[in-house]
Structure formats: structure tokens, C-alpha cells
Amino acid sequence: MRDAPAAVRSYALVGNPNVGKTALFNALTGLHQRVANYAGVTVERREGDLSGVGVPVRVVDLPGVRSLVPRSIDEGITAAALLRSGSLRAAVDGAVVILDATQLRRGLFLLSQILDTGIPCVVCVNMADEARAEGCPVDTEGLSRALGGLPVLATSALRGEGIAELAACMRAGIAGHGKSTPLAHTPGVNITTDASPARWASIRDAVDTGGFVQQEAAARWRFAESIMVHVRTATESSLRARSDRIDRWCLHPVVGPLLFLLVMGAVFQGVFVLATPAVDGIEMLFSIVGAALRSLMGAGLVLDLVVDGALAGVGAVVVFLPQILILFTCLILLEDSGYLARAAFIVDRPFAAVGLSGRSFAPLLSSFACAVPGILGLRSVDDQRERRVAMFVAPLLTCSARLPVYTLLISAFIPKTSILGFLSLQGVVLLGLYLFGVLLAFFAAGVFDRVLRRAAALPLLLELPIYRFPTTRAVALRLVQRGGAFLRRAGTMILGFSIAVWVLTTFPRPDIVASSAIEKAAALESSYAGQLGKVIEPLIQPLGFDWRIGIAIVASLAAREVFNSTMSVVYAVEESVGTLGDAKLASVLVNAHHDGGSGPVFTLATVVALLVFYAVALQCVATIAVVARESDSWRFAIGQFVAFTLLAWSAAWCARQTCLLCGIA
Amino acid sequence: MVSAFVRESPRKAVALAQLAEGIGGVLLELQGSATVALKLAEAGFVPGARVRLVRRAPLGSPLEVEIDGARFSLRAETAALVMVQIHA
């Protein structure tokens with residue numbers, strides 16, 4: 001099925017989760033990587049070229065699996081590629097099966113299935129350095145003999161050991177088949193020789209198994225055991241003993257949860273402290289570049305498009321990067337060290353109450369940076385019902401785009417007093433908004449979980465890996481990959497919609513070119529966006545919002561923080577640089593009055609309503625698009641948007657009425 | 001309560017979820033639906049495997065379970081389906 005006889009060979013990397021597969025992929029390909037999607041599904045297809053000189057070889061990084069009976073979309077891709085079925089018939093020519101040297105038996109289970117598919121393969125025993133450190137180097141020769149002469153190599157992806165040998169082996173071509181297991185010829189028992197989708201579906205849904213599949217699993221473990229007797233290996237791991245000493249505290253009934261809260265608190269505090277200067281710097285840089293372009297090119301529509309449309313759009317994307325990258329770094333560090341699995345262990349019980357589990361913890365945590373990578377991360381959740389629930393509530397968690405809106409409104413309207421002598425009221429309000437998002441997400445998950453049809457749930461089975469020190473190289477590479485995914489998936493949507501917003505706010509153009517801030521505000525009022533704001537004004541009037549806020553709400557769909565820049569145009573704030581501009585805008589908002597001078601626009605009740613509205617509403621086209629793709633249902637995505645908009649309106653209305661009743665005006 | 005039970009009939013099957021922390025045994029059988037059993041079987045929960053309850057999470061569930069040297073979090077409701085014969 002390959003297009004030319006001289007086509008480049010493709011070899012897949014396959015293994016259990018946590019065997020260091022991605023680290024190996026990175027070590028083999030360096031930065032010669034491409035990411036695309038598999039046809040028809042949303043699973044990312046990570047490919048690279050073997051780095052170095054020689055015969056070109058394509059390396060495909062398949063999602064980690066425990067077995068070839070797929071449950072999640074990710075696992076389905078791996079199974080289909082190895083069984084060479086369907087559209088993935090010609091995806092790979094052979095496989096590098098990666099085993100964890102410290103847990104050989106577990107890898108042998110998967111290997112036995114792969115052997116029975118008949119795909120040519122080699123075995124790569126990774127983390128060989130750790131096995132050696134435990135005084136028990138991997139017996140590659142013994143393993144190879146026991147597997148009927150299948151090539152076996154030892155590597156340490158993190159230290160770069162054995163990579164050259166593996167690359168040479170792949171260049172020479174993977175041809176060995178090894179001996180298939182006795183199961184391969186047992187009709188009715190072997191699932192892997194029958195790759196028909198119907199067979200899979202029946203296995204997955206356990207319709208006709210009659211215990212065969214379980215029997216097969218037991219037989220495969222016996223096969224693994226039969227191989228193990230030929231291989232010298234560590235029985236009791238000293239690393240596990242070290243892990244246990246750490247877990248005595250990390251999973252302690254009292255200390256454990258406290259430590260968990262402390263770690264999460266440190267992560268968020270770190271993100272705030274480190275990201276703020278970088279965000280200010282980026283904002284300043286973009287306004288300087290914008291001003292420079294303006295003075296170089298003079299006035300004109302093209303310039304406006306470049307500066308106010310494209311450059312502002314790029315700025316709106318880049319400004320998120322510090323927060324997102326810092327939070328991602330923390331997440332990757334926690335994940336690679338093994339702590340994230342412990343955190344999932346601790347939160348599982350409370351999550352279970354609302355239909356979630358520890359599986360969703362990491363993706364939901366990254367939703368605090370941006371819901372888009374969070375929702376993408378939910379692919380690893382094998383229980384489809386839980387995945388839907390988590391996808392539904394992820395946008396309620398306070399993402400980095402909400403923060404500038406919160407900061408602006410809080411700094412303008414919440415007094416700088418302290419409560420109890422040491423807590424800043426402004427800080428408490430901000431923290432309260434974060435907690436509000438978390439609580440609302442929990443509540444919404446509980447409700448949505450009960451709305452969904454009850455399907456057979458897959459049991460939670462999360463591995464607790466040994467604690468390891470993350471390496472800089474591995475963290476950096478994964479950070480680049482995740483940051484790249486954000487830019488591709490969220491960035492392009494934000495940029496595109498920013499330009500659309502520019503069109504809405506620019507046309508129809510007034511007869512005279514608006515030059516002063518006042519004229520620009522007038523131009524905005526007569527633009528499509530201004531007209532739209534006035535159309536929706538009656539809808540948002542009960543919340544205390546006027547048409548100006550209406551414009552900002554509509555424009556916020558590009559990214560919530562566009563609220564700020566839109567407000568500065570609506571309220572004719574003279575352009576200035578960075579944080580200075582925010583301070584200016586804050587003071588203008590404080591003094592803003594309704595048309596006709598009937599009192600201030602931003603009463604405290606209105607501000608509270610606005611904050612609540614922004615905490616709830618799903619104003620983000622990037623999220624809507626990603627939910628539609630990941631859930632494979634526009635109905636779900638639109639339904640979520642409508643539900644959250646209604647909920648936001650109601651919550652804001654309640655908040656406003658409560659304020660008014662309490663006499664806060 | 002568990003230890004008393006064990007003293008009376010040491011060869012009887014006990015659900016993994018009922019074990020005290022640190023106690024292990026040999027897996028006898030998996031109960032429950034085939035979907036659940038298959039997922040467990042693939043992770044190594046097959047008859048004859050050595051299994052041990054390492055600890056419970058602060059709120060009683062999930063459980064940390066050791067199976068053939070690997071560790072997994074397993075909810076109490078799932079561990080109730082794993083029948084174990086305790087080491088004598």
C-alpha cells in the first residue's frame with residue numbers, strides 16, 4: 001500500500017504508559033518532529049525522522065497502551081496501527097516494543113500480544129540504567145533467547161544510552177518476527193489475530209466474551225512468567241523502597257492532603273509571581289511595536305488591520321504564554337516526578353462524588369492555564385462518560401484569559417483595605433473568584449453526571465510509578481510540545497477571531513478618519529459591534545450592563561481578556577503603554593457615567609455581576625471549537641455554550657440582586 | 001475484624017477491599033462484569049498473581065494495591081471484586 005517501492009520505512013514506538021516512550025522518541029528524533037492528526041479522529045499523530053546520517057527512517061510515537069484491546073480513542077489508534085487494519089493499514093512497517101527494565105513482566109504481556117499480530121519488531125529495554133543501579137543489569141541475551149532470537153536492545157532514553165544502537169538497528173530494518181505465543185493458534189481465544197472491529201467492539205463491551213478474554217489475559221501473564229524465568233532481573237526494587245519512604249508522608253492520612261494543598265498553593269503562587277512581570281513585559285513590547293509600525297507606515301486601513309487586528313491578535317495569544325508555560329512546567333515536573341499520580345490518588349474520593357475520578361485531575365489542573373490543552377488532555381481518560389463530564393466543566397476553572405479582566409475590575413472597584421488586619425480585600429476577592437470557579441465546576445459536574453445516561457463505567461486503575469527526578473531535557477522538550485499544541489489549537493482560533501472582531505469594530509467606517517480617542521469611541525459606537533451591543537443591551541440591562549459592556553462581552557469571545565482592550569476603546573482611553581494603560585482605564589471606568597449622566601455605570605453591584613458573569617460564561621471560541629472536535633459533537637459544544645451563557649446570566653443577576661438587597665449600590 | 005475472620009478460616013477467600021493495610025495474598029478470582037474483569041486482568045490481576053493492599057487513601061478510597069511489583073490506585077468498589085487468599 002506504500003506509494004513507491006523506495007518509500008521511507010516507518011517504525012512505531014509502542015509500550016505501556018510510563019515506560020519512557022516519549023523520552024525515547026525525543027532522543028531518537030531530536031526536534032525533527034511533526035504533529036498531525038490521524039484521519040477522521042482527533043488523536044495527534046506524532047512523527048519524526050531518525051536524526052543523524054544514513055538511511056532515512058520515519059519514527060511514529062504511538063499512544064501508550066497496556067493491551068491491544070482498545071478503550072480510549074488513543075488506544076484504538078495504537079491497536080489499529082499494530083494490527084494494520086482500516087485506514088492505518090500501511091501506517092507502520094514494524095514496531096519497537098519498549099519495556100521498562102524495572103518492570104519487565106508488565107511489558108511482556110503487551111509484547112505477547114504484539115508478537116501474535118505478526119508485525120516485525122525489536123524489543124527495547126528502556127531505563128536500563130535504573131535496573132543497573134539496583135545491581136541487576138538487564139539480561140538482554142537471555143531475553144532474546146527466550147523470545148526465539150528476537151533482537152533485544154538496552155537503552156536509557158534519559159541518559160542517551162543505547163540510542164545510537166537502536167537507531168542503527170532501525171536503519172538496518174526491522175524484520176524479525178520472533179515466535180508467536182501458543183495462544184496465537186487457539187481459535188476463539190486469541191483476540192489479536194482477529195482484528196475485525198466487530199470483534200473488538202464485542203470485547204470492549206463484553207457482550208460475548210464468555211470469559212475467553214479473561215482466560216486469554218491469564219494465559220498471557222503465564223507467558224510473561226515463562227519468559228521471566230530465563231531472565232535475571234531485580235525482584236525487590238530498592239527504588240520502590242525509596243518511593244515508599246516518600247509516600248509514607250505524601251500519602252499520609254493527615255500530612256498527605258495538607259502537603260497536596262501546599263503543593264497546589266505553591267504552584268499557583270509561583271505562576272502569579274513569575275508570570276506577572278513577563279506579561280507586563282510582553283504587553284509593553286507589543287504596544288511599542290504597534291506604535292513604531294504606526295509612525296513608520298502612517299495612517300490607513302491596512303495599517304489598522306495590521307496593528308489593531310493582526311498584531312493585537314498575536315499579542316492576545318502571546319500574552320498567555322508566560323502563565324501557561326509556567327503552569328505547564330509545574331505540571332510536567334509533578335508528572336515526571338511521579339507526584340501527580342499521588343495527587344490523583346488523594347483527590348479521587350472527592351472527585352468520585354460528582355462523577356469524576358483521579359484520572360481527570362491533571363487535565364483539569366491544566367485548565368487553570370487554558371481550557372484548550374485541558375480538554376485535549378482528557379483524551380487519556382478511558383471512561384467516556386467521565387470524559388464528557390470533565391469536558392463539560394473544564395471551562396469553568398479560572399483560565400489565564402480571565403485573570404486580566406479580574407485584575408482590572410478588582411483594582412478599579414474593590415477598595416484597597418485589609419480585612420482581619422493582614423489579608424488584602426482585593427486578594428481575597430481574587431481568590432474567591434478562583435474558588436467560585438472550582439465549586440461551580442464541582443456542582444456542574446454533579447448535575448451533568450446525573451443528566452448523562454448511565455453507561456457501564458470503566459474502573460479506575462491508575463498506576464503509581466516510582467518517584468524519579470525529572471531531567472531538564474525531558475521537561476524542556478515536553479514543554480515545547482505542549483506550548484506548541486496551545487499555539488496551534490488555541491492560538492490560531494484567537495488570532496482569527498481577533499481579526500473578525502477588528503472587522504466588526506471597524507466597519508462601517510465613518511466618513512472622517514477618527515484620530516482622537518473621542519472620535520474613535522464614536523466610530524466604535526456606530527460600527528457593527530456597537531450596533532450589536534445596542535441590540536443585546538435590553539438582554540443585559542437587568543445585570544446593570546449597558547451597550548458598551550455588551551460590545552466588550554461580544555468581543556471577549558476571541559479571548560476573555562479582550563474585554564480590557566475593548567473597554568479602553570469604548571471609553572476613549574488615550575493609548576498608553578502596558579500597565580500604565582490599565583491604571584488609566586481603571587480610573588476612567590470608575591468615573592464612567594450612563595448616557596445622559598444618570599449615575600455611574602459601574603456600581604459595585606454591577607461590578608460584582610460582571611465578575612460573576614465572566615467567571616461562568618463560556619466566552620471563548622477556541623474552547624467551543626475544541627469541545628466540538630474532541631466530543632465529536634457540535635450539539636454538545638453549542639449546548640454547553642448556551643447552558644453556560646444562561647447560567648452566567650442567572651448567576652450574575654442573583655449576585656446583583658443580592659448586592660442591591662444588602663444595600664451595596 | 002478481618003484478622004479474627006482470618007484466624008477462623010485461613011483458607012477462605014477474602015475481598016481485597018477487606019484486607020488490612022500491608023496484608024497480601026494470592027489472587028483467586030475476579031468477580032463483577034466482564035468489562036471490569038478484563039481491564040483488571042490486563043493490568044495483571046489474574047488468578048495466581050501475588051497481590052497486596054499497601055494503603056488506603058485518606059478518605060478510605062481509593063486503595064493503593066501492589067500486584068507483581070507494580071502499584072495501582074483502585075477504588076474500594078473495584079477492590080471488592082478481587083478475591084484473595086491470604087498468606088497463611
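All of these numbers come straight from a predicted model, not from anything done at the bench. Values reported hereafter were calculated over all heavy atoms of this structure, with side chains retained and with hydrogens, waters and symmetry mates removed. All chains are named by letter (A, B, ...) in the order of the sequence lines, taking the proteins before the strands, and each is independently numbered beginning at 1.
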#### Entry: Reported CG-to-CZ distance for the pair A:L464 and B:R55, which is rounded to 0.5 angstrom
9.0 Å

### Query
Hey, does the side chain of B:K39 reach the backbone of A:P459 with a donor-acceptor pair shorter than 3.5 angstrom?
yes

### Message
Please classify the contact of B:E77 with chain A as side chain, backbone, both or neither, using a heavy-atom distance under 4.5 Å.
### Response
neither

### Task
Please flag which part of A:S357 lies under 4.5 Å from any non-hydrogen atom of chain B: side chain, backbone, both or neither.
both

## Note on the structure
Ranking B:A49, B:A70, B:A76, B:P62 by heavy-atom pairs under 4.5 Å to chain A gives rank one to B:P62

### Task
Identify which part of A:F109 has an atom lying under 4.5 Å from any heavy atom of chain B, answering side chain, backbone, both or neither.
side chain

### Query
Given a strict heavy-atom distance threshold of 4.5 Å, which part of A:Q103 is in contact with chain B: side chain, backbone, both, or neither?
side chain

### Task
Take A:L110 and B:E42 through the test side chain to side chain contact (heavy atoms under 4.5 Å, CB included) and record every step on the way to the result.
CA-CA 9 Å; A:L110 178 64; B:E42 285 173 354; over 6 Å; no

### Query
Where on A:A344 is there a heavy atom nearer than 4.5 Å to chain B: the side chain, the backbone, both, or neither?
neither

### Query
Considering only heavy atoms, which portion of A:N16 lies under 4.5 Å from any heavy atom of chain B: side chain, backbone, both, or neither?
neither

### Query
Between atom CG of A:L461 and atom CZ of B:F45, what is the distance when rounded to the nearest 0.5 Å?
6.0 Å

### Nearest-0.5 Å distance that lies between atom CD in B:E64 and atom CG in A:L251
6.0 Å

### Residues B:R71 and A:D244 bridged, charged N to O under 4.0 Å
yes

#### Entry: Per-residue contact mode, A:R349 against chain B (heavy atom under 4.5 angstrom)
both

#### Entry: Value rounded to 0.5 Å, distance of CD1 in B:I67 from CD in A:E463
12.5 Å

### Message
Strictly distance-based, threshold 3.5 Å: is any side-chain N or O of A:W221 a donor or acceptor partner for the main-chain N or O of B:A43?
### Response
no

### Task
Check the surroundings of atom CZ in B:R52: do more than 12 heavy atoms from other residues, nucleotides or ligands lie under 6.0 Å from it?
yes

#### Entry: Proximal component of B:T78, with respect to chain A [non-hydrogen, under 4.5 Å]
side chain

### Message
Tell me the closest heavy-atom pair linking B:P58 and A:H252, and the distance in Å.
### Response
CG-O, 4.2 Å

### Message
Suppose a student defines contact as a heavy atom less than 4.5 Å from any heavy atom of chain B. Which residues in residues 254-261 of chain A would they list?
### Response
A:P257

### Task
Please determine, among B:V65, B:V54, B:L63, the option with the most heavy-atom pairs under 4.5 Å with chain A.
B:L63

